[in-house]
Participant: 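I am attaching a structure below and will ask some questions about it afterwards.
None of these values were measured; they are calculated from a predicted model. Proteins come first, then strands; the chains are lettered A, B, ... in the order of their sequence lines, and each starts at number 1. What's counted below: heavy atoms across the whole structure, side chains too, no hydrogens, waters or symmetry copies.
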Amino acid sequence: MTTPRTGGSDPAAIAAGSAPSGAGGTAADGRCPPVAEVVVDIVAPDVDRVFHFLVPPGLRDRLEVGHRVTVPFGPRRVEGTVVGFTEQPGVPPERLRPIAALRDPVPVLTPALIDLARWMEDRYLCLFVQALRAMLPPGARGDRVRLAPRRWVRLLLDPAEARHRAETLARRAPRQAAVLERLAQAAPAAVPQGPLLAAAGAGPEAVKALARKGWVAVEEREPEPDEPAAASEPAARPPALTPEQAAAWRRLEAALAAVLGDAAAGDAPPSGGGVAARRGRGTGPGAARGGPAPEPAAFLLHGVTGSGKTEIYLRAIAAALARGRGAICLVPEIALTPQTVARFRARFGSRVAVLHSAMTPAQRLATWRAIRAGRKPVVVGARSAVFAPVPNLGLIVVDEEHETSYKQEEAPRYHAREVALARARLEGAMVILGSATPAVETYHRALEGELGLLELGRRIGERPLPAVEIVDMRREFGLGHRALFSRRLVDLLRQRLAAGEQVLLFLNRRGYHTVLLCRECGFVLRCPHCDVTLTVHQLASGRRVCRCHYCDHRQVPPALCPRCGGVALHPFGLGTQKVEEAARRLFPGARIQRMDADVTARRGTHEAIYRRFAAGQIDILIGTQMIAKGWDVPGVTLVGVVSADTALHMPDFRRQERTFQLLEQVAGRAGRGPRRGLVLIQTYSPDHPCLQAVARHDYRAMYRLEAAERRELGFPPFGHLIRAVVAGPERAPVEQAASRLAAAWRRAVDEAAVPGARVTPAAPAPIERLRGRWRWHVLARAVDGAALRAATRAVMERLREAWPRDVQVQLDVDPFSML
DNA sequence: AGCACGCCGACT
DNA sequence: GTCGGCGTGCTC
């Protein structure tokens with residue numbers, strides 16, 4: 001998967017500075033050395049290294065590390081990234097060809113980000129070019145996006161005067177008149193030329209003519225990222241802190257001063273300065289171990305929901321800004337709502353850039369450039385915002401750090417939290433990881449002293465956490481109550497509805513376990529491509545359709561069982577639709593709404609349902625994960641978890657952690673208002689220690705459970721995992737290749753004597769077929785992650801010779817999903 | 001990854 | 001006789 005390359009992938013090389021010539025950009029005299037090191041945009045192990053190109057005279061004083069270029073490559077031209085400069089390339093000079101073109105006026109990446117890409121290559125066993133790609137704004141690649149600035153037209157006349165002239169112009173030049181008319185309406189604001197011309201039914205020549213007359217001016221602007229001008233004034237004063245918050249803030253403030261320097265000193269490194277200047281200044285998260293070091297440079301802020309973590313983030317960001325440093329705040333995609341953004345804008349005004357998945361490539365690119373230019377020192381965004389090219393970065397906040405959406409599930413399969421810690425180390429910045437239910441891995445680091453631990457155990461205003469009640473469904477069943485809702489849940493629902501209060505009914509996943517099952521022979525309908533059970537969905541027309549959750553294969557349910565020919569083939573299991581039906585039957589008068597991936601497939605529905613719910617127009621809202629996050633509705637006094645069992649029995653070593661996080665999250669939806677909330681959990685395992693921990697809101701109890709189990713089995717944080725997926729169009733070569741890989745891998749860890757290493761035999765992946773490809777996998781585990789990675793790299797290198805065609809290996813370091 | 005070069009089967 | 005299959009090798 002990886003190839004050795006100049007600069008190497010030895011982690012030590014990173015700290016020592018692996019840019020071969022050490023050149024961090026254009027030299028002080030404005031000239032760069034004559035040969036540029038370029039990584040081309042081709043994802044293939046063979047070319048995943050530096051190639052050398054001559055810098056043409058015209059680019060001598062402009063080219064910098066991080067620039068995107070077009071280079072001649074064999075018979076064609078490809079795009080690439082400048083990652084360094086050198087005096088002596090390891091190739092004979094006559095083979096060097098010049099760079100063909102510069103693609104961007106300003107480098108898209110910073111030198112520090114290129115160092116980070118090297119770290120990622122080593123840490124995630126991905127290609128260097130894959131790491132670089134992850135850092136580019138979608139749109140920087142290819143020439144699809146228009147790089148030219150957008151034109152805006154401004155009226156230079158008084159609006160009344162303009163209308164008058166438009167009238168006289170109407171006969172001879174109706175297009176120009178229409179343009180003038182619209183500009184007069186918008187005056188004194190400028191108007192984007194494109195929409196203006198479309199609305200006026202005119203062409204660009206109309207504007208040109210008006211400009212010649214001196215009546216209008218054309219301005220060129222970068223495409224503006226959406227930014228409500230109204231909210232750009234920073235708020236007057238931040239709210240006062242609770243005593244707990246104040247104590248946490250004192251420690252953080254001291255650490256910020258230690259790591260970033262004194263606010264007054266104004267010793268911030270020059271913006272855009274090479275990373276070399278800053279390297280070694282920062283105290284890495286590990287630095288606290290040696291000697292009487294003060295505070296570590298990274299913290300875990302463990303605070304229950306409603307304890308005021310965000311206020312701490314905002315203050316820390318303000319402190320970084322005061323020192324002339326920038327900040328990135330990562331939030332899970334789902335939390336990137338207008339409310340979140342508004343909060344940042346209220347505090348930092350137009351200095352905030354928001355990176356949204358919904359942005360167009362052009363907006364994204366414009367935002368990226370504004371960040372790179374230092375005009376937006378505060379960046380808020382989801383996973384990939386960890387790569388925002390903030391010059392002179394001082395702080396990275398990772399909110400809800402336990403969220404699985406921080407793990408990227410395609411190559412490079414990085415985890416934004418880990419990248420944040422590495423980036424902060426490279427750039428001498430601080431990190432704050434925040435969560436009400438930290439990942440076990442993170443909490444372990446905090447207990448080990450690798451992270452500073454700040455705990456907020458109380459909610460602001462001393463509001464109590466919701467009460468949790470567990471219902472034993474075995475008993476219900478034994479007593480002949482076989483309905484979806486226990487008697488207790490029905491009682492509570494009735495009470496709440498009578499009192500005019502709102503209820504959330506939560507289910508693990510949409511349609512999960514609603515399979516087509518034959519009650520005579522046990523046959524279950526599966527996807528012909530993906531080897532998972534199909535899920536039964538009810539269409540609006542009343543017809544049923546069976547769908548695969550992985551590849552979206554659809555088919556009409558067969559009337560008779562394909563195996564035994566019997567007539568007992570029926571949907572079986574728990575889905576949101578079933579819950580909805582049951583609720584409607586029980587409470588025909590109630591206003592009931594279901595919300596899951598099916599319902600919200602149409603864009604905008606999510607927000608619409610939220611608004612109706614918040615406005616009290618829905619009594620019972622039934623939904624999956626998506627109702628668990630961020631919804632703050634004071635009218636909710638009851639949350640019913642229809643079944644906790646699916647979460648609890650997932651085939652996953654993190655299942656207890658995940659169950660705890662999930663249930664705490666849904667519990668957080670109850671009792672945001674004046675009345676204390678109640679959470680009712682239905683389960684067939686009422687004595688399960690994890691559920692007992694949830695009932696007491698006892699994070700540490702869950703942590704101890706998980707830690708004991710994982711230590712025993714050598715799972716993270718007590719060991720490191722690497723998963724290899726072997727995939728190809730035919731089964732036999734895949735199986736054979738996977739077996740060879742497993743054998744070679746085991747031999748490699750044995751030879752290298754990697755401590756505590758274990759390699760599983762090759763096995764079919766839980767989803768053996770996906771999108772028409774066969775998949776087998778192998779899992780390796782070891783105590784020493786770096787040693788395991790080194791051995792893995794060596795194996796891949798060796799296997800690359802004589803590897804069957806059409807068979808690929810994907811490596812996943814620290815995997816989350818094992819499917 | 002692409003794209004050239006190169007060496008063996010059925011077609012205007 | 002040639003068009004075209006995809007195996008092998010290379011790209012500063």
Participant: Write down the distance between CZ (A/Phe85) and P (C/dC12), rounded to a whole number of angstrom.
Facilitator: 19 Å
Participant: So A/Val91, base contact, sugar-phosphate only, or nothing? Heavy-atom distance under 4.0 Å.
Facilitator: base
Participant: Provide, to the nearest angstrom, the distance between the CZ atom belonging to A/Phe73 and the C1' atom belonging to B/dA4.
Facilitator: 14 Å
Participant: Please give, in whole Å, the distance from C/dC12 P to A/Arg77 CZ?
Facilitator: 13 Å
Participant: Please give, in whole Å, the distance from C/dC12 C1' to A/Leu96 CG?
Facilitator: 6 Å
Participant: State whether A/Arg97 places a side-chain N or O below 4.0 Å from either non-bridging phosphate oxygen (OP1 or OP2) of C/dT11.
Facilitator: no
Participant: Report the distance from atom CZ of A/Arg49 to atom P of C/dC12, rounded to the nearest whole Å.
Facilitator: 10 Å
Participant: Under 4.0 Å from OP1 or OP2 of B/dG2: is there any side-chain N or O of A/Arg76 that close?
Facilitator: yes
Participant: With a 4.5 Å heavy-atom cut-off, do A/Ser384 and A/Leu355 have their side chains touching?
Facilitator: no
Participant: What nucleic acid atoms does A/Phe53 come within less than 4.0 Å of, heavy atoms only: base, sugar-phosphate, or nothing?
Facilitator: sugar-phosphate
Participant: Nearest to the A/Arg805 side chain among C/dC12, C/dT11, C/dC6, which nucleotide is it?
Facilitator: C/dC6
Participant: Might you confirm whether atom CD of A/Gln555 has over 12 heavy atoms from other residues, nucleotides or ligands at distances under 6.0 Å?
Facilitator: yes
Participant: For a quick check of understanding: with a heavy-atom distance under 4.0 Å over all strands, which category does A/Pro75 fall into, base, sugar-phosphate or nothing?
Facilitator: sugar-phosphate
Participant: In whole angstroms, how far is the P atom of B/dA1 from the CZ atom of A/Arg800?
Facilitator: 11 Å
Participant: In this structure, how many angstroms lie between the C1' atom of B/dG2 and the CD atom of A/Glu79, rounded?
Facilitator: 15 Å
Participant: Should we count CD of A/Gln88 as having more than 12 external heavy atoms under 6.0 Å?
Facilitator: no
Participant: Among C/dC12, C/dC6, B/dA1, find the nucleotide with the atom closest to the side chain of A/Ala44.
Facilitator: B/dA1
Participant: Should A/Glu37 and A/Thr86 be marked as a side chain to side chain donor-acceptor pair (under 3.5 Å) after you check the CA-CA gap, both sets of side-chain angles, and the distance that decides it?
Facilitator: CA-CA 7 Å; A/Glu37 298 173 316; A/Thr86 183; 4.7 Å; no
Participant: With no hydrogens and no angle check, do the side chains of A/Glu409 and A/Ser817 hold a donor and an acceptor under 3.5 Å apart?
Facilitator: no
Participant: Could you check how far CG of A/Asp48 sits from P of C/dC12, rounded to whole Å?
Facilitator: 16 Å
